Amino acid sequence: MDLPISRKRLRSLLESPYLVYPAGIVAIVLVYTLLFLLLSDNFHFSVNARPDILTALYWVIISMTTTGYGDIYPTTPVGQLFTMLVVVTGLLILFAVVLPLMVTPIMDRLIRRPRLRASEWISDHVVICGYNAIVETLIDGLAGRGIPFVVIDPSADVVMSLQRHGHDAIQGDPADEDVLNNARIARASYVIANAGDDRNAAITLTASQVSACKIIALVESLDMAQYLEYAGADFVVSPKQILGRNIGLTAASAISFELSNAVDLGDDVKICRLPVYPDNPLVGRKLKDVGIRETTGANVVAVFKNGEFIVNPPAGTVIDEATVLVVMGTEAQLEKLGSSSSIKKPAGDGHCIIAGFGDVGKEVAQRLDEKGIAYTVIDRKPYDVKDQVIGDSADKAALVRAGIGRAAAIVVTLNDDAKNMLTILLARNLNPHVSIIARANVKDSVGKMYRAGADYVTSLSAVGGQMLARIVEKGALADTVQLAEDVLIGRYAVRGSRLEGKTIAESGMRSRTGCTIVGVRKGDRFVASPAPSEALGPDATVIVIGTAPQLEACAAAYGLKKINE
């Protein structure tokens, strides 16, 4: 015979605060009722000479609730002490148990219940199915671009947190057709499936049936890509693959200066990173004495030094071996800079070490193969590669066998941030001049890896989130290289904005929003690192650097309209 209720369910009911606390309160009331009957000779009764059980219960309840009609009152010190005990107990129960532990949670559920429908007005928006660190970066990118979005997540806590931050979010299963309809999917421009490989297939199938919008599906395993395409996904994106591409391009540029690490700003203007290596003629010199602008036409608009990204660095900034210059110019200017004698190639034999050969490491290897750069893999598992050291990159002996002493660069791509940090520390100690490019699995690890000695660190969430934002904005998947963690570039038209007719100094943009104008386009004339006195006419276009929230605040403060490259 089946029991009507399981033992687990019964235990849960018995341990519920909505059963335990009331039972405890009833027990206290009954005990005080019996004590009152025993101590009744110490009280005056205006009606009955001998109290019964109902009168005793009545007195306990009005005393605990501090009502006190005055028809029953103590006449002896014992009665007074007992009355005080009952009153204090009632107050403690009310303020320590009933209100905080019983009433407040119920009111929270009733008043602060997460919404189940998106805003009525929303359209041409992005429906994001599932929340994680990548989506945290993505929503910053979408907000910075002025693109509306709705997040669907099964967790009430996640949805409530997003709503408290002013974002449109609803609770529910993103694979459920009704939930997708509640997110106004019929009016959406994109759906992003980000709930794990198993759930993403169901989300993609449901979304493709109820909407004509484009579908972006994220995959953890590249083997799932073709199945998601069959299910109806327009873009199948692997964050690890994107991270590998980014790191691979960075590693290639660290070994041989190429425009492969350049970000295209449009109008033939590009911006790229330029690592400074040991024995480089630039080491020890100030920016104002280097003469890059005078000899090539390109201009240093920022420097990356000791993990800090400095926009429009002071002219007196001293270049050292840990400095990465961020240079802006036309393609011809940057090519001239790359071929100049001042750009000394890194020390060593030009080969690279890849520490960790998972999805990210394999993508890095593919990029290095395309550039003809030799590399050595360090991994515990054997792989079909030309040169491999089987072992742990966090082991000094493995790094030595891989040739860390003569390597130009090492790419650290392990899934474990603690091992990544140890690998960075060992590599920097064994070769002070090697260029170290590292992957951070958790955003909080980025700063620690810089302090350990890395030259460039990027996180999976930052690269994945920014790439998804670019797909939504441009409608296409393209390679991108970050200048630094969370640093974005925006191009804005001055006409009709509150910048029109002002100089850069008069705008007060940096102090007001944290953003910096690093370039101004006026017809055929481009000004990199413009002076504070540069006037912004109606036909000008400004190039602005900042984080996603800063760019969003900047666009709102000055009424700027973004130009899509």
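We use all heavy atoms of the structure for the numbers below, so side chains are in, but hydrogens, waters and symmetry mates are not. Since the structure is predicted, the reported quantities are computational estimates derived from the model, not experimental observations.
In this structure, CG on D395 lies 10.0 Å from NZ on K419, to the nearest 0.5 angstrom. Put simply, CG on D234 and OG on S208 are 9.5 Å apart, with the number rounded to the nearest 0.5 Å. Atom OG of S461 and atom CD of E136 lie 7.0 Å apart (nearest 0.5 Å). If you take NZ on K240 and CD on E220, they are separated by 7.0 Å, rounding to the nearest 0.5 Å. One distance of note links CD1 of I122 with CZ of R117; it measures 14.5 Å at 0.5 Å rounding. Considering CG of L426 and OG of S393, their distance stands at 8.5 Å, rounded to 0.5 Å.
The aromatic rings of F43 and F45 sit tilted, their planes meeting at an angle between 30° and 60°. Using cut-offs of 30° and 60° for the angle between ring planes, the Y73 and H44 rings count as tilted. Using the six-membered ring where Trp is involved, F36 and W59 have ring planes that are parallel, under 30° apart on the 30 and 60° scheme.
The distance between the ring centers of H125 and Y190 does not fall below 6.0 angstrom.
For the pair R184 and E120, the salt-bridge criterion is met [side-chain N within less than 4.0 Å of a carboxylate O]. A salt bridge is absent between K448 and D417; no separation between the charged side-chain nitrogens and carboxylate oxygens falls under 4.0 Å. Ionic pairing of D392 and R380 is present here: one or more N-O contacts between side-chain nitrogen and carboxylate oxygen are shorter than 4.0 angstrom.
Contact annotation: the side chain of V494 never approaches that of Y558 to less than 4.5 Å [non-hydrogen atoms, C-beta and beyond]. You'll find the side chain of V544 reaches within 4.5 Å of the side chain of L551, heavy atoms only. At least one side-chain heavy atom of I216 sits under 4.5 Å from a side-chain heavy atom of V472. Contact check for Y58 versus I72: side-chain heavy atoms found under the 4.5 Å cut-off. Two residues are said to be in side-chain contact when any heavy atoms from C-beta on lie closer than 4.5 Å; I152 and I128 fail this criterion. Annotation: side chain of L468 is in contact with side chain of L218 (closest heavy-atom distance under 4.5 Å). In this structure, H167 and V151 have side chains that are not in contact, with every pair of non-hydrogen atoms separated by 4.5 Å or more. Here the side chains of V150 and V126 are not in contact, with every heavy-atom distance at 4.5 Å or above.
Between A175 and T206 the shortest heavy-atom distance is O-OG1, 3.1 Å. Residues A233 and T204 come closest through the heavy atom pair N-CG2, 3.5 Å. Between V542 and L499, the closest heavy-atom pair is CG2-CD1, 4.5 Å. Closest of all the heavy-atom pairs between T83 and P74 is OG1-CG, 3.7 Å. Of all the heavy atoms in A207 and I215, the pair that sits closest is CB-CD1, 3.9 Å. Across all their heavy atoms, G546 and C515 have their closest contact at CA-SG, 4.4 Å.
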Quiz item: side-chain contact (heavy atoms from CB on, under 4.5 Å) between L91 and T66: does it pass, once the steps are laid out?
Solution: CA-CA 8 Å; L91 292 174; T66 66; 3.9 Å; yes
Exercise. Kindly indicate, with the supporting measurements, whether the criterion side-chain contact (heavy atoms from CB on, under 4.5 Å) is fulfilled by R439 and L414.
Key: CA-CA 7 Å; R439 157 196 180 176; L414 302 173; over 6 Å; no
Exercise. Applying side-chain contact (heavy atoms from CB on, under 4.5 Å), run through D52 and L37 and close with a yes or a no.
Key: CA-CA 8 Å; D52 54 17; L37 290 173; over 6 Å; no
Exercise. Apply side chain to side chain donor-acceptor pair (under 3.5 Å) to N200 and N194, showing your working.
Key: CA-CA 6 Å; N200 285 348; N194 179 43; 5.6 Å; no
Self-check item: Intermediate values then yes/no, side chain to side chain donor-acceptor pair (under 3.5 Å), S119 and D168
Solution: CA-CA 7 Å; S119 302; D168 214 333; 2.8 Å; yes
Quiz item: Can you list the steps and then say if L81 with L85 is a side-chain contact (heavy atoms from CB on, under 4.5 Å)?
Solution: CA-CA 6 Å; L81 289 173; L85 175 64; over 6 Å; no
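For E363 (side chain) and D359 (main-chain N/O), no donor-acceptor pair under 3.5 Å exists by modelled atom type. Remark: side-chain polar atoms of S459 are not paired, donor with acceptor, to backbone N or O of N441 under 3.5 angstrom. No donor-acceptor pair under 3.5 Å is formed between the side chain of D124 and the backbone N or O of S189. At distances below 3.5 Å, at least one donor-acceptor pair connects side-chain atoms of S507 with backbone N or O atoms of I504. Between the side chain of T317 and the main chain of P313, no donor-acceptor pair closer than 3.5 Å is present. Here the side chain of Q163 pairs a donor or acceptor atom with the backbone of A169 at under 3.5 angstrom. With hydrogens and angles disregarded, no donor-acceptor distance shorter than 3.5 Å links the side chain of D153 to the backbone of G130. Checked by atom type and distance alone, the side chain of N429 never pairs as donor or acceptor with a backbone atom of L425 at under 3.5 Å. Although no hydrogens or angles enter the test, the distance criterion places a donor-acceptor pair under 3.5 Å between the side chain of N42 and the main chain of L39. T513 places no side-chain N or O within 3.5 Å of a backbone atom of A553 that could act as its donor or acceptor partner.
Residue-environment remark: NZ (K502) exceeds the threshold of 12 foreign heavy atoms within 6.0 Å. No more than 12 heavy-atom neighbours from other residues, nucleotides or ligands sit within 6.0 angstrom of OH on Y227.
A donor atom on one side chain and an acceptor atom on the other are not found under 3.5 Å apart for S63 and Y32. Side-chain contact of T516 with R510: a donor-acceptor pair under 3.5 Å is present, judged by distance alone.
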